[in-house]
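Below is one structure; the comments refer to it alone.
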Amino acid sequence: MRRHRMFIIVSVLLLAATLALAFHPQTAEALPEYSAQTGEPCATCHLSPSGGGPRGPRGQAWVGSGKPGVVPDLVEALSLLGIQLDVDESQYQAPDQPAPEAQPLAVEPAQAGQIHQWLRNYDGN
Amino acid sequence: MDNHQAENQTPGNHLTRRDFVKIGATAAAIGAAAMALKPTVGAPAASALSEQVTRPEETLVKTTCALCPSGCGLDVRVVNGRAVKVEGNPLHPLNQGVCCLRAQASLEILYSPERLAHPRIQMGRRGSGDWKEVSWDEALALVVQKLSDLRKNGQAHTLALVHGETRGQMRSLIHRFMQAYGSPNVIGRESLADQVARQAMFLTQGINGLPVYDLNNASYVMCFGGNLLETNRNVIVHLGAVAFMRRGRPQRGKLVSVHPRLNLTGIKADEWVPVRPGTYGALALGMANVIINSKLYDEKFVRDFTFGFEDFTDVNGNLHQGFKNLVLEQYTLERVSKITGAPTETIARLAGEFATNRPAVAIMPNEIAELNSGNSLYTAMAIHALNALVGSIDVQGGVLVQRFPDLEQWPDYTPDDAAVQGLSQPRIDGAGSAQYPLAISIYQNLPDALLSGEPYPLNALMLLNTNPVLDLPQNGRMVAALEKVPFIVSIASTLDATAALADVVLPSATFLEVWGDDFMEGVGYAGVSLRRPVVELVQDNRNPADILLQVAAQLGGSLEQALPWSDYQTLFRQRLSATPLDWEKVESNGFWAEMVYFYAQPGSPAWANIVGRDRLNAPKDGRFDFYSRELAAILSNDTMNDLDCLPHFVLPEALEEVVHEAQEYPFLLISQSLITQTQSWQGTIPTLQECLGLQGNVKWRSWVEINPKAAEALGLHDGDVVWVESHIDRIQATVRVYPGIWPNVVFMPLGMGRHTMTKWGRNAPEQMIVGSNPNRLVDIRSEPLSGQAIIGPARVKIYKA
């Protein structure tokens, strides 16, 4: 009796596992597969080094272009996303010289109305 | 059982190896059969059906949300011309496919039965509900006639346009419309919320904009008030960044929430630091004291790229106090602990952690009712000063400066006489006056200005996506104030509490039906999201921007010259032509963004855009001002002293121990918006209302949170209905006993007390008012200099209803 019950339990479990595999949704995303497919580490596309979560520009461009075999490099990715960067990186680097001294405070009285006009025209939403 | 059989048995049961193989083979066979059948299962039925049923026409339209200031990208699934589902746009840099519950529920706004179908004119007494639906031509003709008459009579300045949240170029379109019309009175709602954070950035860092916090790369994040992960302007960006900061990278960061109430951010934070309401500035200065005293600050950055840290002499040889000595002398741990209620060891530990776990950021809140205690300007400056102390300006994990797409200049026009004359008049709200020099708008001054008729009476009021009757009840003064205005036109999608009192209502299309632009904020790099109609107009409504352009065209004169576009889509596309956009890609992706933020090293040429760029009266020398030279210029008079230019703490009036008031009204009321609430003019969304007070099972009513000790003293229990009363009004609420709140503080959610968009709600009768509006308990006033609204804490008492 005990043997019969065990037979049924194992049968049901094995059958359930097999059916689950058979009908497993094919759209499920096994993220390490993408890494294997492209030969890139997870951090190429994701902000997180371990993958998952927010994507960087290369990841966004890769998804946006239909997940091809190769992840576009940054310049190509930005181009695919419709972005043309025109940045001189040297502008963002500090010169190798000491910072100038601060000028002593010299107060020129401001016009309140002028400040209002100035502040009102901020950029953004 | 023989030995052979026993050998083949698995120990512990009676299943033989042979049995196991048999079972496996059977299961595999069934599985294989199932897999073989899988492609054809249902095929005959589907094939037969496809002959009978026409496949629906289905599209996925990318657009941009407008239900909060985040501006997330959305994918809207449209079937046979009807929007059926909203999800996040996976390509969009802000939300990366995430979609909050507001956007999920936005179809309830689109298809609400309460949307106004046509323009309407009030036929009887205001508020009588005696409406006549009219055509757009008729409604616009009436509005244009009234506005034209004012201009002809030299009274253009007596028109005010009051507006809510604007996106993309809409704000500058409104300003241009009113400039060309000839009125200085454009009044936005920013004085209730984020205006002061912008002012603090301007006065210290010299940038006229909101700060961006690079939480993805921060090691230590400290929120001084606010609700970073629920209702902040960039909530979706912050939710993703905080998750990444704590779980998505090898080195975990820490999130600290400072607030009198354990709100959603506090719950998700690593540490909640309860303090008395309105004392964030003192805590920041106390931390600065420890950091400076322990020499934990970034000495090189402070020496080379800040101003006013040490005491200094001006060009006339006068000695001035600097930030360092002010903080060391006045903000000792003991004093700060007494003000805030936080233990000295906690303050010292937080300061140490902040200074030694760089990059660290101190966050100024930008939500409504957060920096609104009457000391907001110097509080915001004190919080931002911590960022400079640890050198967190434009570094990875620090405070960034938001960039925006380049725009074409507006075309030149010549203001006509009516415009010139009108613009020479002062504003009615006092913004930009000597009393409020830093204010862009002072929304809460509207009722008093209208009632007093000072500096002059208004003849016409145009309301655009705003609901001042809900925002500023002021003990009935707002309703009474509207009575003083001879002509009111409201651009609104439902008959909200203020639109109901208008003479003309021009129905506004929802964000899912219009073209628009939306500047990306909260990421640093420049970007713009596209808003586009996902379905045909559901009602006979129009885009508010198009309405303004149509009124301008019909008014003619300088308005027609200033705004020569037939529709807003043409306008924003033409102005964005200064940025190299591929519109085909913008439409297919839903946005354009640079995607890369370049950090400027201090002293580099690009540093000029990070510190000092927008200064008007102070040197653009790339130095962060602990001592605000801009404020020194603004306040340059005989009574000015150093304290006026330095971050410092002023005790909110409500916290002063005025004995009789403290006895009569022993509790301090604070309020916050929740993610389940839309903006004040957008009504109640039934599905969100169902999620409102899940913790306390209070959904269609207001609740008041009370500390268990206070509840015990008052004999109150969960679910009791009570009156919450201040010296000006009282409202009802259901008690929620909550240990996560400061002992003498009580909390009520904002955004309640609305009657619109309730028809779809479960058991919601028509004209049902949902909950109670806590603003009814507050006499909202204005803070000097900044014009920021003083909303709370308000003193209240509580008793059983």
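Protein chains get the first letters and strands the later ones, always in sequence-line order, with residue 1 at the start of each.
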Between [X] and chain A, which part of the residue has a heavy atom less than 4.5 Å away: side chain, backbone, both or neither?
| X | value |
| --- | --- |
| B:D518 | both |
| B:F598 | both |
| B:E584 | neither |
| B:R427 | side chain |
| B:A241 | neither |

Top contributor to chain A contacts, counting heavy-atom pairs under 4.5 Å, from [options]:
| options | answer |
| --- | --- |
| B:E594, B:E630, B:Q199 | B:E594 |
| B:S604, B:S441, B:P93 | B:S604 |
| B:L91, B:I440, B:D314, B:V98 | B:I440 |
| B:W583, B:W607, B:F519 | B:F519 |

Rounded distance (nearest 0.5 Å) linking atom CZ of A:R55 with atom CH2 of A:W62
8.5 Å
How far does OG of B:S70 sit from CZ of B:R233, to the nearest 0.5 angstrom?
8.5 Å
Using the rule given for side-chain hydrogen bond (donor to acceptor under 3.5 Å, both in side chains), can you reason through B:R198 versus B:Q195, listing the C-alpha separation, both sets of side-chain angles and the distance that settles it, and then say yes or no?
CA-CA 5 Å; B:R198 205 182 298 278; B:Q195 178 166 270; over 6 Å; no
Is chain B contacted by the side chain of A:L78, its backbone, both, or neither, given a heavy-atom distance below 4.5 Å?
side chain
Can I get a per-line list of side-chain donor-acceptor pairs under 3.5 Å for residues 96-108 of chain A, giving both atom names and the distance, sequence neighbours left out?
none

Ion pair check, [X] and [Y], cut-off under 4.0 Å:
| X | Y | result |
| --- | --- | --- |
| B:E165 | B:R167 | yes |
| B:D621 | B:R629 | yes |
| A:D123 | B:R403 | no |

